[in-house]
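Residue numbering restarts at 1 for every chain, and letters A, B, ... go by the order of the sequence lines.
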Amino acid sequence: MYTVTVRRRQEATGRSSLLGSLPRRGFAVALYKKGQSLNGINVFLKICTQWTEKQTKSALAKARGACFSALLMPKKNTFSPTLIAWFKKIQRPLPWRQDYLPYHVWISEIMLQQTQMDRAVPYFERWMDRFPTIASIADAPEDEILKYWEGLGYYTRARNIRKAALVICAEHGGEFPAEHKAILALPGIGPYTAGAIASLAFGLDVPAIDANVERVYARLFDIDSPIKEKDAKKRVEALSAELLPAGQARDYNQAVMELGALICTPRAPRCESCPVAEHCEARRLDIVAFRPVPGKKKDITPLNVVCGVLEHKGKIYIQKRPQGAVWGGLWEFPGGSIEAGESPEQAVVREFQEETGFQVRIADKISIVRHGYTRFRVTLHCYFLQADAPLPPSTMSAADECLWATPEQITERAFPAGHRKLIDLMRQDLRFSQYI
DNA sequence: AACGCGTGGGA
DNA sequence: TTCCCAAGCGT
């Protein structure tokens with residue numbers, strides 16, 4: 001048995017006052033000497049015995065836990081009400097914040113995954129116009145659903161919405177399930193989104209932890225381990241559960257996220273406007289810029305890629321990308337990577353031969369389009385192609401479907417952003433606008 | 001646990 | 001221009 005006592009030192013007087021004292025069973029370590037600071041709080045570990053590495057780690061975790069508990073105590077009564085009051089005053093009007101219909105909350109949350117609010121709103125409006133009910137999604141072909149997602153990225157999200165709609169119609173009578181566990185079981189819905197839907201749409205007292213929440217808590221409680229790692233995540237979960245006022249999950253969860261989006265931003269946070277600044281450990285310690293602690297960053301790979309717009313008898317050849325590939329189910333112009341020692345012109349002719357069996361010639365260079373995706377930075381060389389001999393059926397070695405398309409057919413299909421950019425360029429260009 | 005999956009905007 | 005993202009999920 002040992003005791004962790006936690007004290008906070010008053011800067012002005014140099015005195016420290018007792019914040020808490022927690023008796024613990026088992027072993028612990030004298031990692032912290034008297035007066036040593038952890039997260040800006042003085043920790044006194046009163047113990048002695050021999051320790052293994054595992055026990056050392058456990059004791060450290062307990063001491064940290066004691067620190068967070070000590071920080072939490074004075075916040076419990078004032079922090080959450082202050083934050084909720086602030087949210088009710090400043091919240092942005094959003095389409096799904098009218099009635100919090102489960103269906104609306106669901107679609108908005110999926111759209112907002114890895115996506116900024118301003119960007120998602122117009123997509124949401126368009127979506128609800130076309131798919132007013134869950135059943136209308138289940139009835140629609142995947143192609144059309146992808147078209148309404150075109151440009152948003154992470155297209156698995158759209159495919160999973162369709163899958164989930166089918167599940168809801170088959171197993172829940174067409175009604176969005178109201179239980180946290182059933183929500184979490186739906187395709188495309190993970191821990192964050194399940195928590196968000198459960199709390200916003202159904203008022204269930206469950207946390208919804210996204211990157212905003214992680215950042216806010218990392219600063220409020222000065223979490224000093226990398227925020228994407230397990231240790232910090234568990235801490236955020238515990239804090240979230242502790243600070244959530246019963247019956248107010250809808251407002252509280254949105255309040256924390258809204259704070260992260262509007263005030264407690266990744267760069268240049270507006271602490272002077274923060275309603276809970278007085279509760280913020282990182283601010284007190286003047287280390288807001290160093291919280292949250294970032295993870296390892298992955299490097300960007302540059303890619304040199306070609307694609308070809310083949311015109312034949314007034315139509316344009318396009319193909320549908322295979323399911324499971326990047327941009328699966330979206331349409332594209334054939335192409336691929338420039339191999340070592342190859343020119344872009346050689347690459348596009350070769351790729352056409354490999355993917356379609358067509359022997360093509362370069363008629364014109366259209367443009368170079370630059371765009372990025374996940375960890376890649378793409379330089380896309382785009383060519384206008386023609387064929388001298390009659391063309392056989394495509395061999396389709398890299399596609400599920402193909403089509404000799406009219407401009408209307410190109411308009412109504414979903415393309416990856418880089419290719420859509422190319423289409424728009426060609427429609428502005430007198431050399432090509434007659435074909436596309 | 002680490003990686004794959006998109007995109008357009010701001011510094 | 002270049003870099004760094006922004007309200008995650010699935011495997």
Side-chain angles (χ1 to χ4, degrees), chain A residues 87 91-92 94 96-97 105-124 146 149-161 163-164 183-197 199-200 207-217 226-233 236 240 253-268 289 292 294-303 321 323-330 332 368-380 414-421 424:
Chain A
F87 172 69
Q91 64 173 302
R92 296 167 285 181
L94 296 168
W96 52 89
R97 277 184 182 160
V105 174
W106 169 39
I107 299 301
S108 71
E109 288 299 339
I110 302 295
M111 286 184 172
L112 287 168
Q113 287 170 10
Q114 307 286 285
T115 305
Q116 274 118 313
M117 181 79 77
D118 291 345
R119 192 160 163 64
V121 168
Y123 278 90
F124 180 88
L146 285 173
W149 208 265
E150 186 188 37
L152 260 188
Y154 289 122
Y155 297 92
T156 299
R157 295 184 293 173
R159 292 189 287 266
N160 278 337
I161 285 177
K163 285 182 193 166
I183 297 170
L184 185 58
L186 292 170
I189 296 185
Y192 162 72
T193 307
I197 297 172
S199 57
L200 302 207
I209 300 167
D210 65 359
N212 277 324
V213 178
E214 289 171 350
R215 183 172 60 255
V216 166
Y217 286 146
I227 195 63
K228 292 296 176 193
E229 290 181 13
K230 199 164 72 177
D231 191 48
K233 284 199 179 296
V236 173
S240 227
N253 286 345
Q254 289 192 95
V256 183
M257 289 190 273
E258 200 86 334
L259 187 72
L262 300 180
I263 305 287
C264 197
T265 49
R267 281 167 300 207
K296 301 158 208 133
K297 52 176 178 249
K298 306 148 200 166
D299 27 302
I300 303 291
T301 307
L303 286 183
R321 295 183 57 84
Q323 297 295 333
V326 187
W327 301 297
L330 277 70
E332 68 168 4
I368 294 178
V369 173
R370 299 173 74 81
H371 71 283
Y373 72 95
T374 55
R375 66 165 74 248
F376 301 103
R377 180 76 199 161
V378 179
T379 305
L380 180 62
F415 286 76
H419 287 218
R420 179 54 68 187
K421 224 182 279 182
D424 292 341

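With A:T265 contributing its side chain and A:A261 its backbone, the two residues share no donor-acceptor pair below 3.5 Å.
Following rounding to the nearest Å, A:D299 (CG) and C:dC4 (C1') show an atom-to-atom distance of 14 Å. Taking atom CD1 of A:I300 as the reference point, atom P of C:dT2 lies 13 Å away to the nearest angstrom. Straight-line distance from the CD atom of A:E109 to the C1' atom of C:dC9: 14 Å, rounded to whole Å. In this entry the distance linking CG of A:L184 with C1' of C:dG10 reads 12 Å, nearest Å. Summarising the geometry, the separation between NZ on A:K233 and C1' on C:dC9 is reported as 12 Å, rounded to the nearest angstrom. Rounded to an integer number of Å, the gap from CD1 of A:I209 to P of C:dG8 is 13 Å. Nucleotide C:dC5 holds its P atom 14 Å from the CD1 atom of A:I227, rounded to whole Å. In this structure, A:W149 atom CH2 and C:dG8 atom P are separated by 13 Å, rounded to whole Å.
Between B:dG6 and C:dC3, the distance separating the two P atoms is 22 Å to the nearest Å.
Remark: A:R119 engages no residue in a salt bridge (charged side-chain N to carboxylate O under 4.0 Å, His left out) (not counting sequence neighbours).
If you take OH on A:Y155 and CD1 on A:I161, they are separated by 13.0 Å, rounding to the nearest 0.5 Å.
Residue pairs meeting the salt bridge (charged side-chain N to carboxylate O under 4.0 Å, His left out) criterion with at least one partner in residues 253-263 of chain A, sequence neighbours excluded, are A:R92-A:E258, A:R97-A:E258.
Within a 6.0 Å sphere centred on NZ of A:K163, other residues, nucleotides and ligands contribute 12 heavy atoms or fewer.
When heavy atoms are screened at a 4.0 angstrom cut-off, A:A261 is found touching base atoms of the nucleic acid. Residue A:T193 is classed as a sugar-phosphate contact, given heavy-atom separations below 4.0 Å to backbone atoms only. No contact: A:R321 has no heavy atom under 4.0 Å from any strand. In this structure, A:R215 reaches the sugar-phosphate backbone alone: every heavy-atom distance under 4.0 Å involves primed, P, OP1 or OP2 atoms, never a base.
Sequence order on DNA chain C of the closest nucleotides to A:L186 and A:D210 puts A:D210 first from the 5' end.
Taking every side-chain heavy atom of A:R370 into account, C:dT2 is the closest of C:dC9, C:dA6, C:dT2. With distances taken from any side-chain atom of A:Y192 to the nucleotides C:dG8, C:dG10, C:dT2, the minimum falls on C:dG8.
The aromatic rings of A:H371 and A:W327 are tilted relative to each other, their planes meeting at an angle between 30° and 60°.
When all heavy atoms of A:A208 and A:G195 are compared, the pair lying nearest together is CB-C, 3.7 Å.
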For this session: Give the B/S/- string for nucleotides 4-11 of chain B, one per nucleotide from 5' to 3', where a protein heavy atom under 4.0 Å of the base yields B, of only the sugar-phosphate yields S, and otherwise -.
Result: SBBBS---
